Amino acid sequence: QVQLVESGGGLVQAGGSLRLSCAASGRTLSRYAMGWFRQALGNEREFVAAISWGGGTTLYAESVKGRFAISRGNPKNTVYLQMNTLKPEDTAVYYCAADSPGDIMRDYNYWGQGTQVTVSS
């Protein structure tokens, strides 16, 4: 089994920044993509960003392009989401995901518990 633990969420004013972190542990995975998703109250979970194993491929939702940046740490079982110029509509629970069997914008085998991000206006 694989465990994902997110950290770095919190309360920030609009225009501010936060950096989310996620560390994978447990069973060793082979060359896996990682991603971030979010779910606002009353909404479905939505894709935010994804990164390939080597970091050469990154994908972003249109709503966060130019403001958010996904990266992998060293060792590669960690992933970060740098969130800048935050808006109230970015308020959500943010989830880390790992090991995509196909579409890295949608399908993952493992999910974290989530971390709350609240952006005040």
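This is a predicted model, so every value here is computed, not measured.
The aromatic ring centres of Y32 and W53 sit less than 6.0 Å apart.
The shortest distance between side-chain heavy atoms of Y80 and M34 does not fall below 4.5 Å. Using a 4.5 Å cut-off on side-chain heavy atoms (C-beta onward), Q82 and R19 make contact. Residues C22 and W36 form a side-chain contact, since some pair of their non-hydrogen atoms from C-beta on lies under 4.5 Å apart. Side chains of I51 and T57 form no contact here, defined as non-hydrogen atoms less than 4.5 Å apart. By the 4.5 Å heavy-atom criterion applied to side chains, Y60 and M105 are not counted as neighbours. With contacts defined as side-chain heavy-atom distances shorter than 4.5 Å, the pair Q116/T91 qualifies. For the pair Y95/Q39, a side-chain contact is recorded, criterion being any heavy-atom separation below 4.5 Å from C-beta on.
Contact record, M83 with L86: CB-CD2, 3.8 Å, taken as the closest heavy-atom pair. Shown here for A24 and N77, the closest heavy-atom pair between the two residues is O-ND2, 2.7 Å. G35 and I70 get closest at one heavy-atom pair: CA-CD1, 4.4 Å. Scanning all heavy atoms of the two residues, the minimum distance from R67 to T85 falls at NH1-O, 2.9 Å.
To the nearest 0.5 Å, atoms CD (E46) and OG (S63) are separated by 5.5 Å. Summarising the geometry, atom CG belonging to L59 is positioned 4.5 Å from atom CD1 belonging to I104; distances are rounded to the nearest 0.5 Å. Separation of atoms CG (D99) and CG (N109) is listed at 4.5 Å; rounding is to 0.5 Å.
Using modelled atom types, one finds no donor on one side chain facing an acceptor on the other under 3.5 Å when comparing D107 with S100.
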Donor-acceptor pairs are to be reported for all side-chain atoms of residues 5-15 against protein atoms at under 3.5 Å, with residues two or more places apart or in another chain.
from : atom 1 : to   : atom 2 : distance (Å)
E6   : OE1    : Q113 : N      : 3.2
E6   : OE1    : G114 : N      : 2.9
E6   : OE2    : C96  : N      : 2.9
E6   : OE2    : G114 : N      : 3.1

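Taking the six-membered ring where tryptophan is involved, the planes of F68 and Y94 are tilted, since the angle between them lies from 30° to 60°.
With R38 as reference, D90 is the one residue of V117, D90, V93 to meet the side-chain contact (heavy atoms from CB on, under 4.5 Å) rule.
With sequence neighbours excluded, the residues forming a side chain to side chain contact (heavy atoms under 4.5 Å, CB included) with A23 are T78, listed by chain and number.
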Check against ring pair (Phe, Tyr, Trp, His ring centres under 6.0 Å), F37 and Y108: CA-CA 11 Å; F37 292 73; Y108 286 86; 5.7 Å; yes
